[in-house]
Protein chains: 2
Amino acid sequence: MAKTARTRGTYHVGNLAPQLLSAARAMLDEVGLAKLSLRAVTERVGVSSTAAYHHYANRAELVAHLAVQGFNELAHAMADRDPQAPDDEKLRQATLAYVRFARANPALYQLMFGTELGGSAEIPELKQAREASFGELKKIIAELLGKDVQSAEVRTAALAGWSYTHGLASLVIHNVLPADDERHVDRTLQGFDYLFKARSAG
Amino acid sequence: MAKTARTRGTYHVGNLAPQLLSAARAMLDEVGLAKLSLRAVTERVGVSSTAAYHHYANRAELVAHLAVQGFNELAHAMADRDPQAPDDEKLRQATLAYVRFARANPALYQLMFGTELGGSAEIPELKQAREASFGELKKIIAELLGKDVQSAEVRTAALAGWSYTHGLASLVIHNVLPADDERHVDRTLQGFDYLFKARSAG
DNA sequence: ACCTGAACACCGTTCAAGT
DNA sequence: ACCTGAACACCGTTCAAGT
C-alpha cells in the first residue's frame with residue numbers, strides 16, 4: 001500500500017478515512033455532536049464537502065466509527081491496571097479509569113451511549129468494541145469473585161458493576177455531581193454498603 | 001394561494017407554548033431528538049415556522065422544557081408506590097418504575113440526561129425538576145436506612161442508588177440488555193450482593 | 001478509484017412588517 | 001402582544017463529471 005508520500009496540493013489526498021475520523025474526533029470535543037457537521041469536518045481536512053461519502057456511507061457511519069474508537073480506548077484504559085493490587089482494589093482502579101475516561105472525553109462518551117447510534121448505525125465493529133470493553137470489566141470481576149469469566153455470577157455481577165459505573169460517569173459528566181472522581185467512586189461504594197446493610201438487616 | 005384550510009383561521013392561536021411542547025413531545029418519540037426540528041413542530045401545530053420564537057428563546061429552550069416535563073413525570077412515577085410495602089420493596093418498586101419510565105420514553109429519557117442540555121440551556125426549572133426526582137429517591141432511602149433525609153448517609157446512598165438505576169436504565173434503553181425490566185432489576189441487585197460479599201470477604 | 005461542484009431539500013435564527 | 005414571510009447562513013445527501 002505504498003501511497004505514503006503526502007503530495008501537497010493534489011486533489012487526491014489518499015488516507016482520507018482516518019484523517020476525517022481524527023478531525024471529527026477533535027471537533028467533537030470543541031463543538032459537540034449536534035454541531036459536528038460533515039461539511040465542517042471535510043473543510044478542516046481540506047477536501048471538498050462531499051469527499052467523505054467515498055469513505056463513510058453517511059454522517060451516522062462516521063459517528064459510529066467515533067464510537068468504536070471510544071470503546072477501544074475505554075477498554076484500554078480499564079485494562080491498564082496494577083497487576084500487584086488486590087482484587088477489590090483492581091475493581092476500584094478500573095472504575096476510576098472508567099469515570100476518568102468519561103470525564104476527559106464527555107462528548108465522545110455520550111456519543112458512545114447516545115441515541116445517534118440506534119438501529120441502522122449499529123455497525124458490527126461497534127458491537128464488537130463494546131463487548132470488548134464489557135469483557136475487560138468481566139475479567140476483573142471474575143478474579144474478584146474467584147469464578148470463571150463465563151459463569152452466571154460473573155455475568156450478573158458485571159452487569160451490576162457496569163450499570164453502576166456508567167450511571168456514575170453519566171452523572172459526573174452532567175455536573176449533577178461536582179468534580180473529584182476519586183471521591184465520588186469511594187463515596188458511592190460506601191453508599192452501596194449502607195444500602196446493602198439495610199437490605200440484609202430488613 | 002395561501003393555506004386556506006384553517007377553519008376559523010385566526011392568525012392568533014393563543015396558548016401556543018403548550019401546544020408546541022406537546023407536539024414536540026409527540027414527534028420526539030417518532031423521529032428522535034436529532035431530527036426534531038422547530039420547523040416541523042410549528043408545521044404540525046399549524047403556525048408559521050418562526051412562531052415558536054415568541055414563546056421559546058430557541059430550539060434548545062424548547063428541548064429544555066421537554067426535559068423538565070420528563071423529570072416531573074419521572075418523579076411522579078417513582079412517587080406512586082405502595083405505602084404498605086416493606087422499605088426495601090419500596091426501593092425495588094421505585095427502581096422498577098424508573099426503568100419502566102426510561103423504557104417507555106427512551107428519547108425523552110436520553111434527552112433528560114443528554115448533551116443537548118449543557119450550559120446555556122440549563123434553565124432554572126430544569127435543575128428544580130431534576131432535584132425533585134432525586135428527592136423522591138432520597139425519601140425512599142431515608143425510610144430504608146431509618147435516617148433523616150438530610151443526613152450524609154442518605155445523600156451518599158441515594159447517589160449510589162441513582163448511579164445504579166440510571167446506568168441500568170441506559171443499558172436497557174440501548175438494548176445492551178434484552179428486554180424484561182423486572183428481571184434485570186432483580187438480577188443486578190443480586191449481582192451487587194455477589195460483589196459486596198466478595199469485597200467484604202477480601 | 002478517488003475527488004469535485006452544482007443542485008436539492010432541508011435546517012435555526014433574525015428581522016421588518018402585518019394584525 | 002402575537003404572528004407571518006422573506007432572507008441569511010448553514011446542513012446532509014445525490015449525481016454527473018473530472019483526474
Side-chain angles (χ1 to χ4, degrees), chain A residues 1-21 23-24 27-28 30-66 111 115-121, chain B residues 1-21 23-24 27-28 30-66 111 115-121:
Chain A
M1 334 288 185
K3 52 183 77 163
T4 51
R6 181 63 58 69
T7 41
R8 309 161 17 91
T10 51
Y11 82 99
H12 186 156
V13 290
N15 198 37
L16 227 197
Q19 277 187 258
L20 290 168
L21 196 64
M27 298 181 73
L28 179 62
E30 293 168 10
V31 302
L33 180 58
K35 298 202 157 182
L36 185 71
S37 77
L38 239 31
R39 290 177 113 114
V41 170
T42 50
E43 193 194 6
R44 178 134 165 172
V45 172
V47 294
S48 80
S49 21
T50 58
Y53 288 92
H54 297 275
H55 303 273
Y56 300 100
N58 46 38
R59 197 193 101 120
E61 201 181 286
L62 210 210
V63 169
H65 280 271
L66 281 172
L111 179 161
T115 194
E116 224 97 344
L117 265 35
S120 67
Chain B
M1 262 302 157
K3 37 186 81 170
T4 62
R6 204 97 293 126
T7 53
R8 337 181 161 145
T10 48
Y11 83 100
H12 185 158
V13 289
N15 199 37
L16 227 197
Q19 277 188 258
L20 290 169
L21 195 63
M27 298 180 74
L28 178 62
E30 293 167 10
V31 302
L33 180 58
K35 298 202 155 181
L36 185 72
S37 77
L38 238 32
R39 288 178 113 113
V41 170
T42 49
E43 193 194 5
R44 177 133 166 173
V45 172
V47 294
S48 81
S49 22
T50 58
Y53 288 91
H54 296 276
H55 303 273
Y56 300 100
N58 46 37
R59 196 192 101 119
E61 201 181 286
L62 210 210
V63 168
H65 280 272
L66 281 172
L111 178 161
T115 193
E116 223 97 345
L117 264 34
S120 67

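- In this structure, the CG atom of A/N58 is 11 Å from the P atom of D/dG12, given to the nearest Å.
- Shown here for A/A23 and A/V45, the closest heavy-atom pair between the two residues is CB-CG2, 3.7 Å.
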Show me, pair by pair, the donor-acceptor contacts under 3.5 angstrom made by side chains of residues 36-44 of chain A, not counting sequence neighbours?
unit_1, atom_1, unit_2, atom_2, d
A/S37, OG, A/A40, N, 2.9
A/T42, OG1, A/L38, O, 2.9
A/T42, OG1, A/R39, O, 2.9
A/R44, NH1, A/E30, OE1, 3.2
A/R44, NH2, A/E30, OE2, 3.4

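- Remark: A/A17 engages A/H55, A/Y56 in a side chain to side chain contact (heavy atoms under 4.5 Å, CB included) (not counting sequence neighbours).
- Side-chain to base pairing of A/H54 with C/dC2: no donor and acceptor N or O lie closer than 3.5 Å to each other.
- As a whole-Å value, the separation of A/L16 CG from C/dT4 C1' is 12 Å.
- Contact record, A/L66 with A/A24: CD1-CB, 4.0 Å, taken as the closest heavy-atom pair.
- Protein atom CG of A/L38 is 13 Å distant from nucleotide atom C1' of D/dT14, rounded to whole Å.
- Nucleotide C/dT14 holds its P atom 17 Å from the OH atom of B/Y56, rounded to whole Å.
- Among residues at least two apart or in separate chains, salt bridge (Lys or Arg N to Asp or Glu O under 4.0 Å) pairs with a member in residues 45-64 of chain A are A/R59-A/E116.
- One atom, CD of A/E61, and another, P of D/dG12, lie 15 Å apart when rounded to the nearest Å.
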Do any N or O atoms of the protein come closer than 3.5 Å to N or O atoms of nucleotides 6-10 of chain D, and which pairs are they?
none

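- Comparing B/S48 and A/K35, the nucleotide of DNA chain D nearest to each residue sits closer to the 5' end for B/S48.
- Stretches of at least 3 consecutive Watson-Crick or G-U wobble pairs, with each checked distance under 3.5 Å, appear in DNA chain D as C:4-8 with D:12-16, C:12-16 with D:4-8.
- OP1 or OP2 of D/dA1 has not a single side-chain nitrogen or oxygen of B/H55 nearer than 4.0 Å.
- For the atom pair CG (B/L21) and CG (B/L16), the distance works out to 11.5 Å, reported to the nearest 0.5 Å.
- Computed from coordinates, the B/E43 CD to D/dC3 C1' distance equals 17 Å when rounded to whole Å.
- Rounded to whole Å, the distance from CG on A/L62 to P on D/dT13 is 10 Å.
- The separation between B/Y53 atom OH and D/dG5 atom P is 16 Å, rounded to whole Å.
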